[in-house]
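To keep things clear, I will list the structure first and then write my remarks on it.
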Amino acid sequence: MSTLKDVAREAGVAVSTVSRAFTHPERLNRDTVARVREVALQLNYQVNPLAKALITGRSPVIGMLVTNITTPFMTSVIKAAQAEAYDHGLWLAVGDTDNQPSHEDEWSQTMSGLAQGLILVGAGSDDETLRRIADQAPLVLIQREVSGVASLRQESRPGQVQVVEHLLHLGHERLAYLPGPEQFWIARHRLASLRAVCAELGAELVVMPHSPPELAAARDLTTAVLETGATAALCFNDMMAQGVVVGLHQLDLRVPRHLSVVGHDNELTRMSVPALTTIDGHAIELGQRAIRRLLADEGLTRVNETLDSTAVFRESTGPRPSTLRVAAAAR
């Protein structure tokens with residue numbers, strides 16, 4: 001098996017440079033890191049993670065816990081964070097709570113002794129629990145805000161303003177909102193923000209029952225949405241928006257002819273028919289920034305950072321249909 005010296009000789013660099021390429025790549029030129037790793041791959045050189053941890057005093061692993069790994073938003077966050085971690089010679093260990101906040105504390109207690117930092121995406125635990133976790137291990141929250149804990153989230157309000165203005169311009173007056181799961185902070189925050197936006201802009205908002213943020217749940221609410229007399233439906237995420245599209249299709253109705261539909265996250269651009277109007281969730285940037293926050297040379301700052309959202313207008317929104325036609329369709 002090849003050694004550190006073998007890689008250094010073949011790459012034409014010092015042994016210490018090879019070591020830094022795997023332990024502190026941020027201290028080297030990117031081209032140098034790429035060259036060293038390419039040679040290491042050719043020579044089948046493998047870094048012993050336990051030896052590396054003993055040398056650096058830091059685990060080569062970052063733990064990330066998500067609420068549902070199957071959702072496109074979570075997948076994008078994970079992939080972005082993994083790529084960023086790998087650029088720093090680290091690996092991501094991912095867990096899934098299956099939308100059960102009670103699993104977050106147990107997972108964090110286990111991972112805090114194995115990882116050099118933790119990232120919780122969409123955490124549903126109470127503030128006190130999350131502060132305690134942050135006191136035990138470096139922690140960054142994504143899509144959750146707690147005073148005194150480092151966090152990153154997308155601010156939905158700018159995109160919501162753009163969407164509501166867009167719908168009002170198209171003649172829509174009554175809007176339905178599918179708010180997702182009440183137990184999660186981001187769902188409650190997004191709903192409160194949309195209520196305020198609609199009140200300020202003069203749009204009537206009808207809030208549907210809370211439900212899982214899944215296609216099937218939204219599909220099953222489609223008839224109830226039509227019965228409200230709303231001519232546009234806004235959804236907690238893109239999966240729920242696609243569920244409404246499917247529900248309309250099953251009723252032999254079409255988007256946006258019978259109902260305009262708006263998602264959130266911008267994660268189904270290649271799969272939705274028609275193309276979905278949505279609000280960009282910045283999943284990739286959130287994943288990248290969370291890793292950088294954990295590894296910041298100046299230390300982890302326990303403040304909240306927000307990324308302003310932007311609406312993306314596509315084919316799923318159109319002029320307001322006749323309310324009589326919508327009511328007849330609902331029957």
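Everything numeric here is computed off the predicted structure, so don't read it as measured data. All values below come from the heavy atoms of this structure, side chains included, with hydrogens, waters and symmetry mates left out. Each residue takes its place number in the sequence, starting with 1.
- Between the side chain of Thr75 and the main chain of Ile69, a donor-acceptor pair closer than 3.5 Å is present.
- In this structure, the separation between CG on Leu65 and CG on Leu141 is 11.0 Å, given to the nearest 0.5 Å.
- Between the CG atom in Leu215 and the CG atom in Asp220 there is a gap of 9.5 Å [rounded to 0.5 Å].
- Checked by atom type and distance alone, the side chain of Arg188 pairs as donor or acceptor with a backbone atom of Gln183 at under 3.5 Å.
- Checked by atom type, the side-chain pair Gln154/Thr306 shows no donor-acceptor distance below 3.5 Å.
- Checked against Val7 for a side-chain contact (heavy atoms from CB on, under 4.5 Å), the options Thr17, Leu43, Val13 give a single hit: Leu43.
- Checked for salt-bridge contact, Arg132 and Asp126 miss the test: no charged N lies under 4.0 Å from a carboxylate O.
- Heavy atoms only, all atoms of each residue included: His210 and Gly180 are closest at ND1-O, 3.1 Å.
- Shown here for Ser316 and Pro256, the closest heavy-atom pair between the two residues is O-CB, 3.5 Å.
- Linking Ile, Leu, Val, Met, Phe, Trp and Tyr residues whenever their side-chain heavy atoms come within less than 4.5 Å places Val197 and Leu168 in a single cluster.
- Side chain of Arg174 to backbone of Thr228: a donor-acceptor contact under 3.5 angstrom is found.
- Residues passing the side chain to side chain contact (heavy atoms under 4.5 Å, CB included) test with Thr71, sequence neighbours excluded: Asn68, Met74.
- Look at Arg320 and Glu173 and you find no salt bridge, because none of the NZ, NE, NH1 or NH2 atoms lies under 4.0 Å from a carboxylate O.
- The side-chain heavy atoms of Leu276 and Val261, taken from C-beta on, include a pair separated by under 4.5 Å.
- Residues that satisfy the salt bridge (Lys or Arg N to Asp or Glu O under 4.0 Å) test with Arg302, not counting sequence neighbours, are Asp135.
- Judged by distance alone, with hydrogens and angles left aside, the side-chain atoms of Arg190 form a donor-acceptor pair with the main-chain N or O of Phe236 at under 3.5 Å.
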| Verdict with reasoning, Thr222 to Leu253, per side chain to side chain contact (heavy atoms under 4.5 Å, CB included) | CA-CA 11 Å; Thr222 302; Leu253 302 176; over 6 Å; no

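- Taking hydrophobic clusters as Ile, Leu, Val, Met, Phe, Trp and Tyr residues chained together by side-chain heavy-atom distances below 4.5 Å, Ile78 shares a cluster with Leu294.
- The shortest distance between side-chain heavy atoms of Ile284 and Val77 does not fall below 4.5 Å.
- There is no side-chain donor-acceptor pair under 3.5 Å between Thr310 and Asp280.
- Here the side chains of Pro209 and Leu221 are in contact, with some heavy-atom distance below 4.5 Å.
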| When you look at Thr67 and Phe184, which way does the side chain to side chain contact (heavy atoms under 4.5 Å, CB included) test go after all the steps? | CA-CA 10 Å; Thr67 55; Phe184 289 106; 3.6 Å; yes

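- Ionic pairing of Glu305 and Arg289 is present here: one or more N-O contacts between side-chain nitrogen and carboxylate oxygen are shorter than 4.0 angstrom.
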| task | Mind running side chain to side chain contact (heavy atoms under 4.5 Å, CB included) on Val163 and Leu234 for me, showing each step along the way? | result | CA-CA 9 Å; Val163 164; Leu234 291 75; 3.8 Å; yes

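- Going from atom CD of Glu155 over to atom CD1 of Ile279 covers 10.5 Å, rounded to the nearest 0.5 Å.
- Across all non-hydrogen atoms, the minimal contact from Ala290 to Ile119 is CB-CD1, 3.7 Å.
- In this structure, Arg37 is positioned above the aromatic face of Tyr86, its NZ or CZ under 6.0 Å from the six-membered ring centre and within 45° of the axis.
- Without hydrogens or angle criteria, Glu10 side chain to Val36 main chain gives no donor-acceptor distance under 3.5 Å.
- Within the 4.5 Å cutoff, no side-chain heavy atoms of Phe73 are placed close to those of His264.
- A heavy-atom distance below 4.5 Å is found between the side chains of Leu92 and Ile291.
- Within the structure, the ring pair (Phe, Tyr, Trp, His ring centres under 6.0 Å) test picks out no pair touching residues 281-300 (sequence neighbours left out).
- Between Arg157 and Glu200 there is a salt bridge, since a side-chain N of the basic residue sits under 4.0 Å from a carboxylate O of the acidic one.
- Across Ser125 and Leu130, no two heavy atoms sit closer than the pair O-CD1, 3.7 Å.
- Residue Trp107 is grouped with residue Leu114 when hydrophobic side chains (ILVMFWY) are merged at heavy-atom distances under 4.5 angstrom, including chains of intermediate members.
- Connection of Leu205 to Val244 is established within a shared hydrophobic cluster, with ILVMFWY side chains joined at heavy-atom distances below 4.5 Å, either directly or through further cluster members.
- In this structure, the ring of Phe313 has its center less than 6.0 angstrom from the ring center of His166.
- Residue-environment remark: CZ (Arg27) stays at or below the threshold of 12 foreign heavy atoms within 6.0 Å.
- Looking at Ser102 and Glu104, their side chains never bring a donor and an acceptor atom within 3.5 Å of each other.
- In this structure, the side chains of Ile133 and Asp105 come closer than 4.5 Å at one or more pairs of heavy atoms.
- Trp185 is linked by a ring-ring contact (aromatic ring centres under 6.0 Å, His included) to His189, counting only residues two or more places apart in sequence or in another chain.
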| field | side chain to side chain contact (heavy atoms under 4.5 Å, CB included) evaluation trace for Arg293 with Thr301 | value | CA-CA 8 Å; Arg293 286 282 296 275; Thr301 56; 3.8 Å; yes

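- Under a hydrophobic clustering in which Ile, Leu, Val, Met, Phe, Trp and Tyr are joined whenever their side-chain heavy atoms come within less than 4.5 Å, directly or via other members, Leu152 and Val303 fall into different clusters.
- Once rounded to the nearest 0.5 Å, the distance linking CD1 of Ile62 with CH2 of Trp91 reads 12.5 Å.
- Side-chain contact between Met240 and Glu214 is absent, with no heavy atoms from C-beta onward closer than 4.5 Å.
- Among pairs with a residue in residues 233-246, those fulfilling side-chain hydrogen bond (donor to acceptor under 3.5 Å, both in side chains) read Asp238-Thr278, at least two apart in sequence or across chains.
- Asn266 and Arg314 share a donor-acceptor pair across their side chains, judged by distance under 3.5 Å alone.
- Formation of a donor-acceptor pair under 3.5 Å by the His258 side chain with backbone atoms of Arg254 is found in this model.
- The backbone N or O of Pro72 lies less than 3.5 Å from a partner atom in the side chain of Ser76, making a donor-acceptor pair.
- Atom SG of Cys198 sits about 9.5 Å away from atom CD of Glu204, to the nearest 0.5 Å.
- Between Gln143 atom CD and Ser156 atom OG the span is 7.0 Å, to the nearest 0.5 Å.
- Every residue meeting the side chain to side chain contact (heavy atoms under 4.5 Å, CB included) condition with Ala232, not counting sequence neighbours, appears here in chain and number order: Leu167, His172, Leu175, Ser260.
- Residues Ile142 and Arg153 form no side-chain contact, since every pair of their non-hydrogen atoms from C-beta on lies 4.5 Å or further apart.
- Heavy atoms only, all atoms of each residue included: Pro101 and Gly124 are closest at CB-C, 3.6 Å.
- The two residues Val39 and Ala11 make their nearest non-hydrogen contact at CG2-CB, 4.0 Å.
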